[in-house]
Amino acid sequence: DSVWISVYLMYDMSEGDVDLSGYYSEVVKDGEVVAYEFDSLRAAVYSEDGVIEPGSYEFTFYDPDGVVINEAVIIVEE
């Protein structure tokens with residue numbers, strides 16, 4: 001079974017769809033980028049074998065200019 005951890009940033013859709021072109025995110029574990037998303041305000045780490053490797057996962061979200069707009073950390077324990 002596949003499992004995942006993810007972070008989604010909330011945004012206001014009261015005026016319709018939001019253009020997320022150019023927004024991106026990355027997930028870093030132990031100094032290595034393990035996941036990357038384009039044109040989105042979500043980031044996720046997937047595992048096909050049902051186990052997310054223990055460690056500290058740093059989720060960083062960027063605007064189209066490369067400016068950090070939010071960060072989160074999820075710690076997976078054994």
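Just so you know, these numbers use all the heavy atoms, side chains as well, and skip hydrogens, waters and symmetry mates.
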Checklist entry - Under the 4.5 Å side-chain heavy-atom rule for ILVMFWY, direct or indirect, which residues accompany Tyr46? => result Trp4
Item to check | Euclidean distance, Asp17 CG relative to Glu15 CD, rounded to 0.5 Å | outcome: 12.0 Å
Checklist outcome for this item: Here the gap from Ser6 atom OG to Arg42 atom CZ, rounded to the nearest 0.5 Å, amounts to 6.0 Å
Checklist entry - Of all residues at least two apart in sequence or in a different chain, which pass the ring pair (Phe, Tyr, Trp, His ring centres under 6.0 Å) check with Tyr11? => result none
Checklist entry - Looking only at heavy atoms, what is the nearest atom pair of Ser25 and Phe61, with distance? => result CB-CD2, 3.5 Å
Next on the checklist: Could you report the tightest heavy-atom contact between Tyr57 and Ile52, atom names first, then the distance?
Outcome noted: OH-CG2, 3.5 Å
Checklist entry - Is Asp65 reaching over with its side chain to a backbone N or O of Val67, donor-acceptor style, under 3.5 angstrom? => result no
Checklist entry - Got a second to check how far Glu78's CD is from Glu53's CD, nearest 0.5 Å? => result 9.5 Å
Checklist entry - Got a second to check how far Leu9's CG is from Ile69's CD1, nearest 0.5 Å? => result 5.5 Å
Next on the checklist: Using the ring pair (Phe, Tyr, Trp, His ring centres under 6.0 Å) criterion, which residues pair with Tyr24? Sequence neighbours excluded.
Outcome noted: Tyr36, Tyr62
Item to check | Joint hydrophobic cluster, Val28 plus Val68, side-chain heavy atoms closer than 4.5 Å | outcome: yes
Item to check | Lys/Arg-Asp/Glu bridge criterion (N-O < 4.0 Å) met for Glu58, Lys29 | outcome: no
Checklist entry - In the single-linkage hydrophobic clustering (I, L, V, M, F, W, Y; side-chain heavy atoms under 4.5 Å), do Phe38 and Val33 co-cluster? => result yes
Next on the checklist: Please check this pair: side chain of Asp39 against backbone of Gly22, looking for a donor-acceptor N/O pair closer than 3.5 Å.
Outcome noted: yes
Checklist entry - Are Val76 and Val45 in one and the same hydrophobic cluster, where Ile, Leu, Val, Met, Phe, Trp and Tyr link if side-chain heavy atoms are under 4.5 Å apart? => result yes
Checklist outcome for this item: Correct closest heavy-atom pair for Ile74 and Ile5 would be CG2-CD1, 4.2 Å
Next on the checklist: Under 4.5 Å between side-chain heavy atoms, counting indirect links through other Ile/Leu/Val/Met/Phe/Trp/Tyr residues: same cluster for Leu20 and Phe59 or not?
Outcome noted: yes
